[in-house]
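Encoded as structure tokens, the structure appears first; notes follow it.
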Amino acid sequence: MMSSRREEGHDHLDAVAEIWDSLDIDDRAQLQQHVLRWVDRDCKEQINAGNYDATVSLDELYDRFHRVFIAATETLENGEAITVTYAFPAQHSNDIAGKLLFQRLIDELVERDVLHYVYDKQRVRSRVAEVTRYFALLRQRFADESDFEYAPSLTKMVKMDIQSRKKPKWGDDGIDLGDEVRDILSKIRTADPAAEFTAATDTGSWRTATKDALKLVYKLCKERELTGLAAFQGRSLDRLFRQAVTKEYSDTAHVITASTGGGKTEAFLFPIFAYTFTTNHTDVQVGGVDAVLSYPRKDLCNNQFERIIEYLYDVQQIIEDNDELPYDSLPVTVALQHGDAENTEIDCPVDGCDGRMGTQEMECEKDPAHSVDFARADKGATADIIVVTPDTLHRRLMDHRGSDQFWKHSSPPKFMVLDEVHVYTNQYGMHVANVMRRFQAAMQHVDTDQQPSLVASSATISNAEDFTSRIFGASEAVEICPRDEEIEEIGWEYLIFIKATDPREVQVPQGEAKYLPRREWDEEDFEETNVTNLSSMIQVAFAMYHTILKKNPDDGPVKNKILGFVDSIDSVKRLGDYIHDAETGRGVEGQELFTLRTPDAFLRDEDESGTNPDCPKHKFRSNAAEHERAVCEPLPPNHELNPCPVYEAGECWWTMTDDLDLEPMNVYLHKSGRTETPNGRPVHDDSWDLMVTTSALEVGFDHPGILGTFQYRAPMNIPGFVQRKGRGGRDPDDQPVSVVVLGSQPEDAFYFHHENLLSDPDDRYLRINLDEENQFVRTEHLVSAIFDYLNVTEPDSADEIYRRLDIEELDHKLAREQEEMQQWMRTAFPTVDEEVIVDVLENINQYVKQTQVPITPADLGDDMQMFWEAARIPPGTKESDLEGHLDDLKFKRRLFQEIADNNIDLQTNE
């Protein structure tokens with residue numbers, strides 16, 4: 001009888017292996033994904049109902065598995081059907097084989113550490129549900145003598161949500177780039193060339209140039225294994241490139257929308273590359289800037305500048321290795337333009353090199369042979385592609401650098417791109433909308449026949465076409481986005497919402513005082529602590545890092561980084577400092593706060609004391625089986641079979657067992673374009689585990705090692721939050737975790753009780769409003785437009801006025817060219833009433849007249865001097881003399897205000 005049972009057991013083991021090996025690899029992955037999702041969803045429902053010890057019965061789970069995958073009496077939510085019975089051996093019934101397969105699936109998920117057995121191994125809990133339990137039971141701990149029972153609770157309530165992650169289909173499921181290129185070229189054969197090509201070359205040559213340009217783009221994509229483009233990227237390449245090189249779609253702006261990480265950048269960057277390869281073709285040679293790429297933050301400019309360099313470096317290698325291409329060298333240059341551009345560092349673009357390059361030298365710090373000669377980063381740099389912020393572009397419109405870069409060529413820039421366009425809200429959006437109108441007026445003046453290609457992009461905007469047409473002032477905008485059938489689900493993401501307890505003062509007994517009534521405590525018997533919302537965020541931050549699942553693959557980046565967001569620069573410093581103190585034990589090794597929760601019973605050897613002072617390790621070790629270090633090693637304690645008051649109170653983080661879990665975090669801070677350690681030391685490496693930042697990194701920061709994000713307090717807006725959580729899990733195989741710690745303010749309570757607005761907002765909450773006609777902002781830009789006019793039409797004169805404050809020259813221009821200025825302003829702002837334009841010019845004239853008043857206060861006795869002369873910084877002034885000159889200028893500015901207000905008598909030479 002025993003022999004028969006043993007043979008049956010071996011038979012079942014063989015059957016499991018046979019079934020598993022017979023299953024298609026994709027089916028294995030799909031089965032695991034669906035079973036895990038069922039567990040996650042059941043745990044979510046229990047957690048949201050207040051049961052933080054959520055579990056799922058294996059019996060109930062198998063019944064669902066059998067109905068869907070074996071008996072096929074139910075379908076999946078998406079209507080998809082997965083057949084698995086093809087893998088079942090003939091000698092076993094579907095019922096037996098199904099149970100064997102189900103058990104193998106559960107064991108695989110447990111082996112991956114995304115699922116845990118609990119209780120008597122007849123129930124399971126997902127890893128994320130286990131971590132959520134820790135958050136729900138979180139207490140404020142200190143490295144002192146206080147017991148955990150007296151530590152103040154930090155969490156009032158917890159909620160959990162799970163959302164699908166989707167991306168456009170590409171690769172084998174996308175479109176073939178070669179087919180797309182052939183289709184584009186066939187359309188170009190019968191099209192008329194764009195104005196700049198008509199002026200530069202004959203019809204035959206420009207078509208050859210477009211063919212060679214697209215061929216080079218194809219080779220770039222092939223080198224990077226990107227020839228299977230997403231369908232929307234193919235449509236974007238078609239529309240944007242044909243708009244650029246022909247007369248088609250001439251009056252249409254475009255907006256590209258797709259999920260975060262969905263390939264938006266390539267959707268506009270590849271057409272721009274193709275255009276620049278065309279304009280720099282040996283048969284064409286159209287001079288000037290080809291594209292201006294505007295990004296709302298300096299960090300995003302740096303990130304995209306680095307990305308462009310990586311692509312162009314590959315193009316450079318392709319050209320060097322292919323003699324048949326009609327390019328002697330890389331035909332494209334790129335420049336970075338913002339206030340800190342010259343002090344930026346980027347990754348070395350050479351494959352396999354982990355060095356960094358400073359943007360001044362563009363030379364790798366690890367290998368000087370790795371250098372880039374097609375990129376620059378200084379205020380006066382011009383290039384085929386210029387990466388810039390809107391504020392810098394605003395200044396370039398008026399200063400000599402912009403004149404040299406944009407307007408001294410026969411052709412103005414072709415592409416004007418606003419990436420992450422959803423950021424342009426409120427007053428900043430009004431400002432950018434006016435900059436766009438002014439830039440287009442200058443482009444039109446340089447070449448009235450050349451039509452610009454206006455492009456916006458965003459992952460979080462629902463009124464894309466309307467907003468794009470308004471911010472550019474375009475008559476029409478067309479959205480390019482993935483269609484429903486072109487999108488696939490790649491997994492899911494977790495969102496955990498934590499409602500912190502209200503701020504309060506708490507007295508925590510120390511030592512023997514815990515046995516005494518509170519009224520008998522002396523001052524030395526307790527520690528008084530303030531429990532704040534920030535206290536919750538600090539403990540959540542390191543609990544999150546030390547307990548969520550990390551990945552350390554053999555052939556890819558380590559997934560162990562967390563990006564934390566706050567909404568003020570001050571909070572970056574405070575939160576970062578506190579987390580750093582908690583992680584370092586304030587400089588004392590062994591007193592890191594996370595170590596107070598280690599599962600010492602099975603984590604430490606018997607001769608080790610451990611770091612969790614409350615762990616009843618001796619109790620759990622004494623009853624352990626031979627293959628276990630402790631009873632609680634294979635599955636967490638439970639109050640029925642192996643009760644542990646420490647685990648039940650949330651003071652044993654049972655999942656904290658990996659080497660990465662047990663190391664203190666490296667905490668970095670990022671603010672105002674600068675990354676630093678908590679002690680203020682600037683850093684440029686990638687050694688951080690947790691980085692605290694502001695909105696500066698909510699767009700465009702695509703680090704492959706980020707597995708989760710957190711948000712402290714209610715976010716400023718919903719689109720911004722969607723972008724922030726999108727920083728985690730850039731790899732399709734990732735399942736990122738986003739934690740939101742909400743405080744005690746009304747907006748925090750609102751979002752906790754309406755968490756769906758953050759986890760799954762509908763289109764109403766992704767509409768971006770824009771008051772592009774705001775009269776106050778518009779008036780400022782009408783004034784700026786006067787200087788735009790001077791800078792484009794007479795740059796030498798404009799330089800004296802703008803940089804040298806030559807008021808006499810400005811007065812001369814206003815008197816002689818007022819009608820031309822009015823026409824310029826009409827072109828830039830066609831919806832503005834004529835009276836407003838006239839009024840602005842009159843006010844400027846009046847201001848100029850006031851600056852020409854000769855002033856010498858009677859008590860100074862100096863020679864006669866006009867105010868503008870007194871305020872002017874003389875040419876050749878040394879930087880060391882500026883401080884004293886500026887102090888004098890401030891005095892004269894106050895004096896001028898007194899004059900303007902008629903509060904001071906003037907001595908004149910009359």
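Quantities reported herein were computed from a predicted structural model and do not represent experimental measurements. Values below: all heavy atoms of this structure, side chains included; hydrogens, waters and symmetry mates excluded.
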Practice task
Only pairs at least two apart or in different chains count here, so list each salt bridge (Lys or Arg N to Asp or Glu O under 4.0 Å) that has a residue in residues 225-240.
Solution key: K187-D238, R235-E486, D238-R242
Practice task
Enumerate the residue pairs fulfilling salt bridge (Lys or Arg N to Asp or Glu O under 4.0 Å) with a member in residues 710-724, sequence neighbours excluded, ordered by first and then second residue.
Solution key: D567-R724, E698-R724, R713-D748
Does [X] use its side chain to pair, donor to acceptor, with the backbone of [Y] at less than 3.5 Å?
{"X": "R224", "Y": "L220", "value": "no"}
{"X": "T468", "Y": "A464", "value": "yes"}
{"X": "Q233", "Y": "G263", "value": "yes"}
{"X": "K561", "Y": "D686", "value": "yes"}
{"X": "T132", "Y": "V128", "value": "yes"}

Practice task
Taking side chain to side chain donor-acceptor pair (under 3.5 Å) as the test, write out the residues that go with E488, two or more places apart.
Solution key: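 Listed in chain order: K167.
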Exercise for the section: State plainly whether the residues R37 and E489 are in salt-bridge range, i.e. N to O under 4.0 Å. Expected result: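 Salt bridge between R37 and E489, a charged N being under 4.0 Å from a carboxylate O: yes.
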Practice task
Look at D299 together with R297 and state whether they make a salt bridge at an N to O cut-off of under 4.0 Å.
Solution key: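 Salt bridge flag = no for R297 with D299.
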Looking at [X] and [Y], what are the two nearest heavy atoms and their distance?
{"X": "S259", "Y": "K166", "answer": "OG-O, 3.3 Å"}
{"X": "A274", "Y": "L214", "answer": "CB-CD2, 4.1 Å"}
{"X": "R437", "Y": "G473", "answer": "NH2-CA, 3.3 Å"}
{"X": "C348", "Y": "M357", "answer": "SG-CE, 4.1 Å"}
{"X": "P349", "Y": "E310", "answer": "CB-CA, 4.2 Å"}
{"X": "P168", "Y": "F232", "answer": "CG-CE2, 3.6 Å"}

Problem - Aromatic ring proximity F415/Y275, centre distance under 6.0 Å - result: yes
Exercise for the section: Report the residues that fulfil side-chain contact (heavy atoms from CB on, under 4.5 Å) with K298, sequence neighbours left out, ordered by chain and then residue number. Expected result: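 Per chain and number, K298 pairs via side-chain contact (heavy atoms from CB on, under 4.5 Å) with H338, D340, T389.
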Would you say the side chain of [Y] lies within less than 4.5 Å of the side chain of [X], judging by non-hydrogen atoms?
{"X": "V667", "Y": "W688", "result": "no"}
{"X": "V417", "Y": "I272", "result": "yes"}
{"X": "M691", "Y": "L669", "result": "no"}
{"X": "F241", "Y": "I184", "result": "yes"}
{"X": "V455", "Y": "V255", "result": "no"}
{"X": "L707", "Y": "K550", "result": "yes"}
{"X": "F721", "Y": "N717", "result": "no"}
{"X": "F305", "Y": "L336", "result": "yes"}

Are a donor atom and an acceptor atom from the side chains of [X] and [Y] found within less than 3.5 Å of each other?
{"X": "D40", "Y": "W38", "answer": "no"}
{"X": "S475", "Y": "D251", "answer": "no"}
{"X": "E465", "Y": "N463", "answer": "no"}
{"X": "H394", "Y": "H431", "answer": "no"}
{"X": "D685", "Y": "Y668", "answer": "yes"}
{"X": "Q243", "Y": "S453", "answer": "yes"}
{"X": "T693", "Y": "H670", "answer": "no"}
{"X": "D702", "Y": "N303", "answer": "no"}
{"X": "E266", "Y": "Y311", "answer": "yes"}

Practice task
Apply salt bridge (Lys or Arg N to Asp or Glu O under 4.0 Å) to D391 and R395, showing your working.
Solution key: CA-CA 7 Å; D391 289 337; R395 290 189 290 273; 5.7 Å; no
Practice task
Taking salt bridge (Lys or Arg N to Asp or Glu O under 4.0 Å) as the test, write out the residues that go with D484, two or more places apart.
Solution key: none
To the nearest 0.5 Å, what is the distance between [atom1] ([X]) and [atom2] ([Y])?
{"X": "N302", "Y": "T359", "atom1": "CG", "atom2": "OG1", "value": "7.5 Å"}
{"X": "S759", "Y": "L495", "atom1": "OG", "atom2": "CG", "value": "5.5 Å"}
{"X": "D314", "Y": "I309", "atom1": "CG", "atom2": "CD1", "value": "12.0 Å"}
{"X": "L418", "Y": "I471", "atom1": "CG", "atom2": "CD1", "value": "5.5 Å"}
{"X": "L229", "Y": "C221", "atom1": "CG", "atom2": "SG", "value": "5.5 Å"}
{"X": "L36", "Y": "I162", "atom1": "CG", "atom2": "CD1", "value": "8.5 Å"}

Counting only heavy atoms not in [X] (residues, nucleotides, ligands), do more than 12 fall under 6.0 Å from its [atom1]?
{"X": "K219", "atom1": "NZ", "answer": "yes"}
{"X": "E747", "atom1": "CD", "answer": "yes"}
{"X": "D172", "atom1": "CG", "answer": "no"}

All N/O donor-acceptor pairs, side-chain side in residues 733-742, below 3.5 Å, sequence neighbours left out:
residue : atom : partner : partner atom : Å
D734    : OD2  : K559    : NZ           : 3.2
D734    : OD2  : D731    : N            : 3.2
S738    : OG   : T709    : OG1          : 3.1

Practice task
Go through the steps to decide whether Q163 and D161 satisfy the test side chain to side chain donor-acceptor pair (under 3.5 Å), and finish with yes or no.
Solution key: CA-CA 7 Å; Q163 291 294 328; D161 201 0; 3.2 Å; yes
Practice task
Would you please classify the geometry between the H703 ring and the F701 ring as parallel, tilted or perpendicular, with 30° and 60° separating the classes?
Solution key: tilted
